[in-house]
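For reference, the structure discussed in these notes is given below.
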Amino acid sequence: MKTDMSLWFGVAAVLLCGLAGQARAETIAVITDLNGSYGSTRYHARVDAAVAAIVELQPDVVLSAGDMVAGQRQPLLSREQVRAMWTSFHQHVTDPLAAAGIPLAVTPGNHDGSAYPGFAAEREIFVDEWSTRRPAVEFVAADAYPLNYAVAVGKVLIIGLDVTTVSPLPTAQREFLEAVLAEHGERFDIRIVFCHLPLWPFAQGRETEILRDSRFAQQLVAHDVAMLVSGHHHVFYPGIDDNGVLHVSAGVLGGNIRRFSGSDIKSEFSFVLIEIDNGVVSVSARAAPEFERQIDSGHLPRQIAGPDGKLQRYDLGAVAGSAR
């Protein structure tokens, strides 16, 4: 694979020509890992600042890649404690976005909707909390919302997947993804999948907390999925794999920031902004505390090594969608 960044700029230019008929731009914000310490109902001030910045930006939709509240530990929290955390989350995040008319589409994380045995009550509450809070967007597949579903935002297909365990996707989930992409994928210019756990080891200390699922990765390629957006690793990194799929690890808003895998470089508290204009996808991250400064991609590691090769850093502003 060529690693010369001029290759990526060339691909972007080709795709710009191929999708020149797209009428309008779509903007997507991504937040993730907002939770504090175990059982906490408090959120750091930067969560409020991030939400305020997002409201000012007025994206078409906000994606949350999980870990919105702080569960999944022992001793288990009571149902009342879990509900109290969700009440606080809605006050800090859900309600301000709703008041601004910005849809919020969510996917579970290990700390708010874990599929591991022993956390069934927390997962049940996650489903209940979001079943009555459907984002005001067009649903393409809604039967399994809020765990596995698909929505349309303009000419962008967004698929939320329930990925909270370090294991390959179950057959039923893989079949769901295949069915949605096969039936609906071709009518969209851009296809995005978002979930909590990534396919690549972005952060130190979480190298083993990834999906070792080559079949899932192959599905993304086969259906020309432009990007896989994930959380959990607490670093912002946009990297492209050998097959041209962009993997975006979203930065953290709560908890702690981490160093990149194989590097001494530490990430920053941030949220992601995805902008799609005439078929060209630009990915940036806005950094705390005011979320006005854009993180300079030149300060990120050039590559991220993983079990299946390396991700090449994709400089911001030249990220291409899929037009094949």
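A donor and an acceptor atom, one from each side chain of Asp48 and His92, are located under 3.5 Å apart.
Every residue meeting the side-chain contact (heavy atoms from CB on, under 4.5 Å) condition with Ala150, not counting sequence neighbours, appears here in chain and number order: Val140, Ala141, Leu157, Ile159, Val180.
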- Task: Could you go through the side-chain contact (heavy atoms from CB on, under 4.5 Å) check for Trp86 and Thr94 one step at a time?
- Result: CA-CA 10 Å; Trp86 280 114; Thr94 314; over 6 Å; no

- Task: Tell me, with the steps shown, if Arg313 and Tyr237 meet side-chain contact (heavy atoms from CB on, under 4.5 Å).
- Result: CA-CA 8 Å; Arg313 188 187 73 206; Tyr237 192 86; 3.0 Å; yes

- Working for side-chain hydrogen bond (donor to acceptor under 3.5 Å, both in side chains), residues His223 and Glu178: CA-CA 9 Å; His223 291 283; Glu178 185 69 24; 2.8 Å; yes

- Are Val272 and Val229 close enough, and set up right, to give a side-chain contact (heavy atoms from CB on, under 4.5 Å), and what steps lead you there? CA-CA 10 Å; Val272 168; Val229 180; 6.0 Å; no

- Query: How far apart are the C-alpha atoms of Ile28 and Ile192, what are their side-chain angles, what is the distance that settles it, and do they pass the side-chain contact (heavy atoms from CB on, under 4.5 Å) test?
  - Reply: CA-CA 11 Å; Ile28 301 165; Ile192 296 173; 3.9 Å; yes

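Within the 3.5 Å criterion, the main-chain N or O of Val82 finds no donor-acceptor partner in the side chain of Glu122. Formation of a donor-acceptor pair under 3.5 Å by the Asp67 side chain with backbone atoms of His111 is found in this model.
Between Ile295 and Ser284, every side-chain heavy-atom pair lies at or beyond the 4.5 Å cut-off. Residues Pro301 and Ile265 meet the side-chain proximity criterion, which asks for heavy atoms closer than 4.5 Å. For the pair Val248/Tyr314, no side-chain contact is recorded, criterion being any heavy-atom separation below 4.5 Å from C-beta on. Residues Phe194 and Val30 form no side-chain contact, since every pair of their non-hydrogen atoms from C-beta on lies 4.5 Å or further apart. Residues Leu57 and Thr27 are not in side-chain contact: their nearest non-hydrogen atoms beyond the backbone lie 4.5 Å or more apart. Residues Leu228 and Pro198 form no side-chain contact, since every pair of their non-hydrogen atoms from C-beta on lies 4.5 Å or further apart. Side-chain atoms of Val283 and Met227, non-hydrogen and from C-beta on, do get closer than 4.5 Å to each other. Inter-residue side-chain proximity for Arg286 and Glu292 is flagged as unmet; no heavy-atom pair is nearer than 4.5 Å.
Annotation: the span from Tyr43 atom OH to Met68 atom CE amounts to 8.5 Å, rounded to 0.5 Å. Interatomic distance, Ile31 CD1 to Ser270 OG, rounded to the nearest 0.5 Å: 12.0 Å. Atom CD1 of Ile158 sits about 12.5 Å away from atom CZ of Arg191, to the nearest 0.5 Å. With rounding to the nearest 0.5 Å, the separation of CZ in Phe202 from NE2 in His234 is 13.5 Å. Taken from NE2 in His233 to OG in Ser267, the straight-line distance is 12.5 Å, to the nearest 0.5 Å. Note: Asn110 CG to His232 NE2 = 5.0 Å, rounded to the nearest 0.5 Å.
The two atoms that bring Val55 and Ile102 nearest to each other are CA-CD1, 3.8 Å, heavy atoms only. For the pair Asp112 and Gly66, the tightest heavy-atom approach, listed with the atom from each and the gap, is OD2-C, 3.6 Å. When all heavy atoms of Met85 and Gly71 are compared, the closest pair comes out as CE-N, 4.2 Å. Between Phe139 and Pro135, the shortest heavy-atom distance links the atoms CE1-O, 3.5 Å. For the residue pair Trp200 and Asp241, the shortest heavy atom distance occurs at CZ2-CB, 4.0 Å. The two residues Phe291 and Arg46 make their nearest non-hydrogen contact at CE1-O, 3.2 Å.
Hydrophobic clustering, with ILVMFWY side chains joined whenever heavy atoms are under 4.5 angstrom apart, keeps Leu311 apart from Ile210. Linking Ile, Leu, Val, Met, Phe, Trp and Tyr residues whenever their side-chain heavy atoms come within less than 4.5 Å leaves Ile257 and Val235 in two separate clusters. No path of Ile, Leu, Val, Met, Phe, Trp and Tyr side chains, each step under 4.5 Å between heavy atoms, connects Ile304 with Val252, placing them in separate hydrophobic clusters. Val225 is connected to Leu199 through a chain of hydrophobic side-chain contacts under 4.5 Å among Ile, Leu, Val, Met, Phe, Trp and Tyr, so both are in one cluster. No chain of hydrophobic side-chain contacts below 4.5 Å, direct or via other Ile, Leu, Val, Met, Phe, Trp or Tyr residues, connects Phe269 to Val51.
When the shell of 6.0 Å around CD of Glu56 is examined, it contains 12 or fewer heavy atoms from other residues, nucleotides or ligands. Enclosure of atom CZ in Arg293 by more than 12 non-hydrogen atoms of other residues, nucleotides or ligands within 6.0 angstrom is indicated. When the shell of 6.0 Å around CZ of Arg187 is examined, it contains more than 12 heavy atoms from other residues, nucleotides or ligands. Remark: Asp143 CG is loosely packed, at most 12 non-hydrogen atoms of other residues, nucleotides or ligands lying under 6.0 Å away.
In summary, of the residues considered (Arg79, Arg134, Arg83), a salt bridge (charged side-chain N to carboxylate O under 4.0 Å, His left out) with Glu129 occurs for Arg83 alone.
Using cut-offs of 30° and 60° on the angle between ring planes, the pair Phe126 and Trp130 is tilted.
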Got a list of side-chain donor-acceptor pairs under 3.5 Å for residues 162-170, not counting sequence neighbours?
| residue | atom | partner | partner atom | Å |
| --- | --- | --- | --- | --- |
| Asp162 | OD1 | Arg123 | NH1 | 3.3 |
| Asp162 | OD2 | Arg123 | NH1 | 3.4 |
| Asp162 | OD2 | Arg123 | NH2 | 2.3 |
| Thr164 | OG1 | Ala115 | N | 3.0 |
| Thr165 | OG1 | Ser167 | OG | 2.9 |

